Student: 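This is the structure, below, for whatever I ask next.
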Amino acid sequence: METWGLVSLCVLLVLTGKWAVSLNSYSGAGKPPMFGDYEAQRHWQEVTYNLPVHEWYFNTTNNDLNYWGLDYPPLTAYHSLLCAHVANLINPAWVELQTSRGYESTSHKLFMRATVLLSDILIYIPAVLLYCFYLSDGSYKKKTAMALCILLYPGLILIDNGHFQYNSVSLGLTLLGVVGLGLGRDLLGSVAFTLSLNYKQMELYHSLPFFCYLLGRCIKQGILGKGLLLLVKISLTVLVTFALCWLPFLSDPQQILQVLHRLFPVDRGLFEDKVANTWCSLNVLIKIKTLLSRDTQLLLSFALTLLFILPSSIKLLTKPTLWQFKLALVNSSLAFFLFSFQVHEKSILLPALPVCLLMNELPLMATWFLVASTFSMLPLLLKDGLLLPYTVTSLAFLYFSVYFLSALDRSSEEELRLSPITQRCLSKHILSPLIKCTFGASVVIMAGLSFMSVAVDPPAKLPDLFPVLVSIFSFFQFLVLLLYFNLVQLTDLSVKKGPKKTN
Amino acid sequence: MAASTSQGWSWFLALAFGVSFLKCLLINAYHSTDFEVHRNWLAITHSLPVSEWYYEATSEWTLDYPPLFAWFEFGLSHVAKYFDAKMLVVENLNYASPATVLFQRLSVIITDVIFIYAVRECCKCVREDKGKDLLAKPSFILATLLLWNFGLFIVDHIHFQYNGFLFGILLLSVARHLQNRHFEGALLFSILLNLKHIYLYIAPAYGIFLLRCFCFTQSNADGSVKWKSFSLFRLVALGFIVVSTFAVSFGPFIILGQIPQVLSRLFPFKRGLCHAYWAPNIWALYNIADKALSVLGVKFKLLDPNELPKASMTGGLVQEFQHSVLPPVSPLVTLVCTLLSIVPVLFTTWRRSKGARGFLRCMIICALGSFMFGWHVHEKAILMAILPLSLLAVESKEDARTFLILSTTGHFSLFPLLFTASELPIKILFMLMFTIFSFTSLKKLFSKAGWLVNSLEAVYLLGLVPLELICEIVYPLTRWQQTLPFIPLLLTSVYCSLGVVYSFIRLYLSVFTAPSNKVKAQ
């Protein structure tokens with residue numbers, strides 16, 4: 001079969017799966033008065049369609065910011081506006097000011113689901129295919145298999161096509177940025193990433209590696225000669241892209257400040273709900289939220305985040321290769337997720353994207369992380385009534401990534417990129433079985449906890465027992481994997497070899 | 001796909017798991033009234049004594065499958081009570097709690113294990129290339145064509161029916177014949193007949209084949225029958241198998257004296273010539289020809305509009321289609337046409353036996369012949385031809401060509417089964433997936449350059465794309481949607497019937513033109 005046939009089959013399969021997931025319930029379905037993220041997205045369409053640009057981020061009589069006020073950067077707002085125009089063509093009641101609040105119907109759900117699938121088709125899927133076919137090794141079958149595995153990542157499918165969000169846009173743009181940089185198209189890559197940053201401010205988790213990689217390249221080309229020129233070009237591109245995105249808000253400094261205030265709501269606290277990061281897990285032992293003042297919390301989280309991202313960033317700066325870049329993206333975004341301020345459980349998708357890119361090189365660890373990340377969102381998915389798609393997509397992903405990428409067979413220390421360390425302290429034959437057993441055990445624990453969350457009633461005294469257990473166990477896995485990925489990145493001494501070719 | 005061929009059957013498991021995962025994802029999708037039909041049967045068999053099974057009529061969906069299927073539902077109901085016992089109450093009409101949906105859907109998905117096993121057995125019978133590329137191996141292509149079959153998938157796992165395990169038994173029976181294990185094959189088929197009597201249509205092929213190739217143990221050099229080689233033992237053994245299966249199935253009802261009642265449920269002749277949505281067969285063409293003639297007749301003043309039957313304009317929506325120009329068709333006429341269409345091929349099978357593969361071809365023609373000419377045929381019955389034809393498609397280029405045309409048009413004619421907007425993307429995406437796979441893989445298998453279909457056929461098949469656009473997107477926006485809502489269905493069935501008729505003719509000719517097979521009847 002030709003490449004195009006195989007690729008189109010793979011894309012069609014993924015689209016069928018995504019649409020099948022989207023037949024299920026969404027966040028806040030039939031739950032007045034606040035509903036959920038679905039209503040938030042619909043509300044943004046309503047606001048952007050009916051109000052002038054300068055009212056979008058302000059609390060006015062027609063724009064109650066306490067009811068899902070717009071708190072994403074301008075590009076999201078423009079996207080909402082675009083969708084709203086289409087919605088208005090089909091049925092004006094969907095976006096009518098005020099009266100459309102909490103609007104729900106079968107056809108509206110179809111429309112909203114279709115907009116998500118369309119953004120997948122236009123941005124995320126092409127980005128993944130570009131990455132797999134231009135930046136990974138192997139035969140075309142191997143590349144297609146990898147693309148299939150990445151596209152089947154359940155976390156993104158469940159949140160975008162189930163829970164309801166447009167993460168595939170921002171993640172897809174970031175991925176296009178990676179592809180651009182990987183292919184040496186630094187300017188295009190920077191534009192893509194800047195757009196992504198202007199779609200969702202959480203993309204800041206990825207920004208440091210982008211910065212360090214580009215800066216490192218400039219330094220390598222000679223910071224006083226060609227490198228400087230490149231640096232200026234990149235900076236200008238980024239600035240112009242930013243300016244274009246923010247054009248309607250630039251006339252008034254008040255506007256800019258208000259948008260920034262909406263984007264970074266510092267007053268919402270260290271964490272909300274149950275999230276598998278350090279603060280929420282630590283909270284079980286020490287009540288940090290009450291113990292420390294807000295400013296101390298901010299400082300502490302900032303310091304810890306910085307501590308964890310600095311080593312990988314500095315390493316990347318000195319050695320700006322694609323391999324280092326991908327690892328740095330993982331390490332930076334995962335550190336942000338674990339230690340920074342005001343993290344949502346869905347933000348695990350940000351580290352998950354670069355981990356997807358490692359599926360060819362580190363199949364076992366990448367699969368582990370991706371399964372764990374889906375598991376960490378279990379309480380949220382249960383709330384949305386997505387148990388069935390969660391179970392099916394997770395099992396499918398686990399099965400296919402183990403089958404296609406032979407994850408379990410490729411777990412020697414060489415292939416785990418741990419040889420620089422194990423040569424010193426561990427015997428050769430222990431590592432592979434040890435890691436496989438740990439992997440198996442954690443999959444079993446995750447399955448067990450998933451089952452208990454659904455089937456067992458928690459004791460009356462501890463109603464949150466299972467969500468807390470889920471987030472603590474996920475946190476634990478994330479921490480171990482963060483250390484692992486850091487280890488791999490920092491011990492990557494093989495200057496002459498570079499990333500090892502895998503068939 | 002990336003796994004090497006040396007890994008044996010792991011690719012097969014991957015295919016089976018993949019499609020099963022997709023089936024599980026669709027548990028919450030739309031399901032038709034057939035869901036309620038089967039829930040009702042669960043309730044009837046669970047809560048009533050056997051003597052009342054074929055008399056119970058609280059629901060309009062009375063039990064109209066043979067007794068073994070009722071026993072199958074009885075067995076299922078004993079698992080169902082652990083999911084939600086309320087679904088087993090006969091009076092709970094249209095009961096569809098989440099647990100009921102989960103149970104019924106899972107029961108289809110899990111009984112498909114039989115289908116998966118049968119597909120594996122069929123793949124073992126395929127002549128194997130030594131080629132290294134897994135994607136071009138006939139067994140891989142066959143497995144995908146069967147396991148990922150579009151029609152079976154949407155009929156069973158969205159529309160809701162239990163065809164999967166039934167076709168599993170059919171394919172297993174075919175595989176057993178291909179493996180020369182004829183007693184097993186015969187037993188499986190008689191069990192199948194007692195599960196769903198629609199398979200009676202292909203019983204003639206079984207009868208002729210077993211008699212000719214199994215009861216007569218030898219053929220002459222020219223392939224004709226050697227009368228002296230008759231084995232009475234084999235005939236008696238076969239008879240014993242068939243009779244005992246029927247005895248187990250119908251025995252209780254014979255003792256109860258309910259056979260007339262059971263038969264009247266199994267064969268309701270009160271229905272019309274065509275189903276509400278015309279299956280793409282000869283009668284769809286006959287109906288449309290009648291329509292065209294009456295319109296022309298009125299236009300050229302040959303017919304008086306007042307004398308024409310009034311209901312005929314809404315054809316496609318009402319059960320009864322009244323012909324206005326052409327003579328009406330009675331059940332007897334359809335029966336005679338069906339028999340006439342299959343007798344020549346049965347005769348050829350008798351005259352010049354071509355072994356189990358010849359039998360398979362004969363069986364497909366029986367299935368397709370009854371689909372073409374049968375009384376009140378459902379569009380779903382096309383699967384009875386498409387699935388077995390997959391086996392032939394991976395072995396010969398000409399059959400592959402027929403398969404591509406038949407499967408594409410036949411599957412497209414299933415589109416009206418799913419009319420809900422939410423499922424529209426699923427059926428289009430899955431159909432594209434199956435069609436792209438069958439075209440590219442069979443092309444790779446047989447021809448290095450150019451497609452398997454010729455340009456005229458390609459144009460016809462590509463015509464399905466604008467047809468779909470018109471039927472599901474453009475037409476609903478026009479004002480005719482209100483006054484003439486049946487036009488899209490009519491267009492679909494007429495357009496598809498051309499392809500099905502064409503495939504039928506091609507297949508028929510292949511019986512007479514195919515070079516005599518080297519495989520001797522044993």
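Chain A is the first sequence line, chain B the second, and so forth, proteins listed ahead of strands; every chain is numbered from 1. Keep in mind that this is a model prediction, so the values were computed, not measured.
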Student: For a side-chain hydrogen bond (donor to acceptor under 3.5 Å, both in side chains) with A:Tyr26, tell me which candidate from A:Glu39, A:Gln41, A:Glu104, A:Lys109 qualifies.
Tutor: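 It is A:Glu104, the one option of A:Glu39, A:Gln41, A:Glu104, A:Lys109 that forms the side-chain hydrogen bond (donor to acceptor under 3.5 Å, both in side chains) with A:Tyr26.
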Student: Return the orientation label for the B:Phe415 and B:Phe150 ring planes: parallel under 30°, perpendicular over 60°, tilted otherwise.
Tutor: tilted
Student: Describe, in one word, how the ring planes of B:Phe140 and B:Phe437 are oriented to each other, choosing from parallel (under 30°), tilted (30 to 60°) and perpendicular (over 60°).
Tutor: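 Perpendicular, since the angle between the ring planes exceeds 60°.
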Student: Can you say whether B:Ile428 sits under 4.5 Å from chain A via the side chain, the backbone, both, or neither, judging by heavy atoms?
Tutor: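 For B:Ile428, neither part sits under 4.5 Å from chain A.
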Student: Just by distance, with hydrogens left out, do B:Asp156 and B:Gln161 show a side-chain donor and acceptor under 3.5 Å apart?
Tutor: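 Their side chains do not contain a donor-acceptor pair, so the 3.5 Å distance test is not met.
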Student: Under 30°, 30 to 60°, or over 60°: which ring-plane class applies to B:Phe103 and B:Phe83, parallel, tilted or perpendicular?
Tutor: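 The rings of B:Phe103 and B:Phe83 sit tilted, inter-plane angle from 30° to 60°.
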Student: Is A:Leu23 in contact with chain B via its backbone, its side chain, both, or neither, using a 4.5 Å heavy-atom distance?
Tutor: side chain
Student: Name the region of A:Leu395, side chain, backbone, both or neither, that has any atom closer than 4.5 Å to a heavy atom of chain B.
Tutor: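 Both parts, backbone and side chain.
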Student: Does any heavy atom of chain A fall under 4.5 Å from the side chain of B:Leu25, the backbone, both, or neither of them?
Tutor: both
Student: Using non-hydrogen atoms only, which part of A:Leu405 is less than 4.5 Å away from chain B: side chain, backbone, both, or neither?
Tutor: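 No part of A:Leu405 comes within 4.5 Å of chain B.
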Student: Identify whether NZ of Lys or CZ of Arg in B:Arg120 sits under 6.0 Å from the centre of the six-membered ring of B:Trp9 and within 45° of that ring's axis.
Tutor: yes
Student: Which residue out of A:Thr391, A:Leu117, A:Leu13 racks up the most heavy-atom pairs below 4.5 Å with chain B?
Tutor: A:Leu13
Student: Measure A:Ser8 against the heavy atoms of chain B and call it side chain, backbone, both or neither at under 4.5 Å.
Tutor: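 Just the side chain, heavy atoms under 4.5 Å.
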